[in-house]
Trainee: 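Below is one structure. I have some questions about it.
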Amino acid sequence: MPIPQVLDELLRQLRPRGGQDVSLDPQGLIDWLGRQLGAEIALVDRAGEVEVSTALLAPDILAGLQPVLTQLSRGQLAAAASQRGGFHVRCEALGRHVPRPVLVVGSLLPVTREALALASHVGALVEVLRQASQADDLALRYQQVASRLRLAVFMALMAGEPTLARRMTAGALPPLLDAERLCIHLLRCPPADRGRLIAAYEDASGYHGRGLMVRCPVYDHHLICLLPVEHNDNVDGGLAVPLRALVRDNPRYALGIGAPVPLPATARAYDQARHALAVARHTPERIAHYHDQPPLAGLLPRQQALAWAHAFLEPISTAPRLTLDITSLALNFPRAGVARLLDISRNTVTAHLRRVQDALGLNLQDPRSRAELALALSVNDLPPPDGNAAAEHAPAPSVDSLLSTEAAITWAHAFLQPLRPGTDRAVHQTLRAWIQADTDAQLTAHNLGISRTTVRAHLRAAEQLLKRSLQTPGPGTHELVHALRIADRAP
């Protein structure tokens with residue numbers, strides 16, 4: 001066959017099939033080369049083992065070549081020719097890095113110079129394709145490691161530990177950690193789009209300019225974007241502008257934007273973005289900002305609140321750290337999400353929560369119990385008033401007395417104000433029934449004599465009115481529980 005036709009046929013062997021990328025198929029190339037040369041071919045890998053070969057190459061021929069193959073693999077020779085068992089054998093080392101693979105060509109007739117050149121070209125092509133495949137594998141592993149590192153940085157910030165986040169980057173510091181404050185943009189998009197978006201804005205360092213994009217480990221539709229905030233309260237535009245453009249151009253996208261917070265308050269920024277996203281999904285623009293309202297825990301009389309929280313949490317004060325972490329996460333995410341986040345089984349999550357609820361005498365399926373525990377944990381994280389440690393020894397008040405203070409009543413009235421007369425009374429009624437039914441929409445529908453679809457519609461309306469996420473576990477439901485409890489007891 002003329003050389004141009006041979007080369008054309010060789011390229012045809014590499015042509016992508018079925019829309020796939022060019023991939024390494026050593027067996028196919030060796031078989032093709034054997035047919036072209038009328039010879040038997042073998043490819044010996046770096047470990048000295050036959051990786052692929054044509055069917056009729058006798059093993060004893062290769063065994064007799066072992067000393068030569070060793071020299072070629074070690075880089076002591078570039079090529080060698082000999083006769084074995086009636087075969088004219090030509091061996092050529094491939095690549096530059098030792099140990100090197102070796103291409104063996106054996107024929108009953110002497111191999112022509114043109115045939116040897118073709119064999120050499122095919123051998124070089126196999127090695128190039130192998131290196132490209134290895135480069136692709138390395139790039140994929142790098143992307144996976146970079147993704148895990150970004151998630152680790154995010155989780156350290158969620159725990160209020162920016163110093164830990166800096167230490168775990170081992171010198172490859174993301175620029176975000178040099179900022180004093182950040183803002184979270186929470187993008188809802190199809191799960192398959194998240195990887196593409198992360199790759200599109202990823203720089204050579206594995207980060208996203210001054211920002212950070214992280215796949216949410218709990219909700220498959222969420223892409224978490226952390227953006228630094230300048231001293232003039234302007235959010236860095238490196239990601240903010242394209243995120244808004246994505247939402248504008250894609251009807252299935254929505255964006256919730258939290259308020260600027262210090263880095264140690266990243267968890268609060270994430271909750272804000274979740275609330276804003278719940279609102280954004282039902283607005284024409286599909287973009288919503290969080291409307292700030294002070295958290296209830298910070299409004300309670302500090303010393304009395306700390307005394308109550310310490311007494312409330314005393315039964316689990318000696319619990320393992322993992323148990324406490326699981327409990328805190330389970331108050332904000334579904335149990336399946338907690339299991340995925342911590343890489344443990346859902347049964348393990350349930351077992352830890354069972355220990356906590358037995359120790360505290362609570363039913364953590366009840367949203368009122370979850371809300372009370374969440375409030376105790378939030379208060380317990382607050383510093384004592386004026387650095388005064390006397391809160392440890394103050395008598396513990398009841399939670400009802402704490403929620404009867406003027407500040408708590410004012411907070412509850414402000415929270416529920418959007419549901420006051422002038423709005424659909426059915427929404428308010430559904431919310432109360434939903435809490436009574438342990439946030440079970442089906443049971444709520446049965447108790448009210450309406451459809452589950454109507455319950456869901458009322459919950460979506462409440463999310464719009466209250467500017468809170470209610471249909472996933474988290475602080476929005478806890479705040480609703482406290483607000484209704486306070487309003488029911490207020491004069």
Side-chain angles (χ1 to χ4, degrees), residues 158-160 218 258 265-275 278 290 293-302 304-317 319 321-335 337-338 341-342 349-350 352-383 396-403 405 407-408 411-412 415-416 431 434-436 438-439 463 466-487:
M158 286 286 285
V218 176
T266 298
R268 175 153 53 93
Y270 174 72
D271 286 339
Q272 293 172 352
R274 283 178 66 186
H275 293 316
Y290 175 75
Q293 184 177 12
L296 175 60
L299 299 176
L300 303 177
R302 184 67 53 84
Q304 295 92 321
L306 283 170
W308 166 75
H310 293 167
F312 184 91
L313 298 173
E314 174 61 29
I316 59 172
S317 60
R321 177 59 185 266
L322 179 60
T323 297
L324 298 178
D325 288 344
I326 288 174
T327 302
S328 180
L329 289 170
L331 294 173
N332 292 281
F333 299 105
R335 295 186 182 187
V338 175
L341 182 61
L342 298 179
V349 172
T350 300
H352 282 277
L353 294 178
R354 187 180 297 116
R355 293 189 201 110
V356 169
Q357 68 178 11
D358 289 347
L360 296 176
L362 298 175
N363 174 14
L364 292 182
Q365 299 293 336
D366 185 336
R368 288 151 296 196
S369 292
R370 293 200 301 270
E372 192 166 342
L373 176 56
L375 180 62
L377 292 172
S378 296
V379 170
N380 198 52
D381 287 340
L382 298 174
S398 67
V399 66
D400 284 333
S401 65
L402 288 174
L403 298 182
T405 60
W411 173 88
F415 184 90
L416 296 173
L431 288 177
W434 183 63
I435 297 297
Q436 291 291 332
D438 295 343
T439 64
E463 287 180 329
L466 298 175
K467 312 299 183 187
R468 292 294 185 275
S469 172
L470 298 177
Q471 298 188 72
T472 56
T477 304
H478 302 157
E479 290 178 320
L480 175 62
V481 168
H482 292 312
L484 292 175
R485 180 176 183 175
I486 294 169

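Just so we're clear, the structure is a prediction, and the values are computed from it rather than from any experiment.
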Trainee: Taking salt bridge (charged side-chain N to carboxylate O under 4.0 Å, His left out) as the test, write out the residues that go with Glu372, two or more places apart.
Mentor: Arg485
Trainee: Report all side-chain donor-acceptor pairs from residues 355-362 shorter than 3.5 Å, counting only partners two or more places apart or in another chain.
Mentor:
| residue | atom | partner | partner atom | Å |
| --- | --- | --- | --- | --- |
| Arg355 | NH1 | His352 | ND1 | 3.2 |
| Gln357 | OE1 | Leu364 | N | 2.9 |

Trainee: Among Ile486, Ile435, Thr439, which one satisfies side-chain contact (heavy atoms from CB on, under 4.5 Å) with Val481?
Mentor: Ile435
Trainee: Are any side-chain N or O atoms of Thr323 and backbone N or O atoms of Ala319, one a donor and one an acceptor, separated by less than 3.5 Å?
Mentor: no
Trainee: Which pair of heavy atoms, one from Ala407 and one from Leu299, lies closest together, and at what distance?
Mentor: CB-O, 3.5 Å
Trainee: Provide the full list of salt bridge (charged side-chain N to carboxylate O under 4.0 Å, His left out) pairs with a residue in residues 466-475, sequence neighbours left out, each pair given once.
Mentor: Arg468-Glu479
Trainee: Over all heavy atoms of both residues, which pair between Ala311 and Ala396 is shortest? Give the atoms and the distance, please.
Mentor: CB-CB, 3.8 Å
Trainee: Locate the shortest heavy-atom distance separating Ala483 from Leu416; write the atom from each residue and the value.
Mentor: O-CD1, 3.6 Å
Trainee: Applying salt bridge (charged side-chain N to carboxylate O under 4.0 Å, His left out), name anything that partners Arg368, two or more places apart in sequence or on another chain.
Mentor: Asp366, Asp438
Trainee: Kindly determine whether Leu329 and Val218 satisfy side-chain contact (heavy atoms from CB on, under 4.5 Å), including the steps that lead there.
Mentor: CA-CA 11 Å; Leu329 289 170; Val218 176; over 6 Å; no
Trainee: Determine whether Ile316 and Thr327 make a side-chain contact, defined as any pair of heavy atoms from C-beta on separated by less than 4.5 Å.
Mentor: no
Trainee: Pro334 versus Thr472: any side-chain heavy-atom pair under 4.5 Å?
Mentor: no
Trainee: If you compare all heavy atoms of Pro475 against all heavy atoms of His275, which two are closest, and at what distance to 0.1 Å?
Mentor: CG-NE2, 3.9 Å
Trainee: Quick check: closest heavy atoms across Ala305 and Leu300, and the distance to 0.1 Å?
Mentor: CB-CB, 4.0 Å
Trainee: Taking the side chain as every heavy atom from C-beta outward, state whether Trp434 and Leu470 have any pair of such atoms under 4.5 Å apart.
Mentor: yes
Trainee: Please check: side-chain N/O of Arg370 versus main-chain N/O of His478, any donor-acceptor pairing under 3.5 Å?
Mentor: no
Trainee: Report yes if the side chains of Trp411 and His482 come closer than 4.5 Å at any heavy-atom pair, otherwise no.
Mentor: yes
Trainee: Please enumerate all residues that pass ring pair (Phe, Tyr, Trp, His ring centres under 6.0 Å) together with Trp308, with sequence neighbours excluded.
Mentor: Phe312
Trainee: Enumerate donor-acceptor pairs with a distance under 3.5 Å from any side-chain N or O in residues 374-383 to protein atoms, sequence neighbours excluded.
Mentor:
| residue | atom | partner | partner atom | Å |
| --- | --- | --- | --- | --- |
| Ser378 | OG | Ala374 | O | 3.0 |
| Asn380 | OD1 | His310 | NE2 | 3.1 |

Trainee: Nearest 0.5 Å, please: how far is CG in Leu331 from CG in Leu353?
Mentor: 8.0 Å
Trainee: Evaluate the ring planes of Tyr270 and Phe333, with Trp represented by its six-membered ring, and classify them as parallel (under 30°), tilted (30 to 60°) or perpendicular (over 60°).
Mentor: tilted
Trainee: Of all heavy-atom pairs between Ala408 and Leu403, which one has the smallest distance, and what is that distance?
Mentor: CB-O, 3.6 Å
Trainee: Nearest 0.5 angstrom please: Asn332 CG to Arg274 CZ, how far?
Mentor: 6.0 Å
Trainee: With rounding to the nearest 0.5 angstrom, report the CZ to CG distance, Arg321 to Leu324.
Mentor: 7.5 Å
Trainee: Sub-3.5 Å donor-acceptor pair from the side chain of Ser401 to the main-chain atoms of Ser398, do we have one?
Mentor: yes
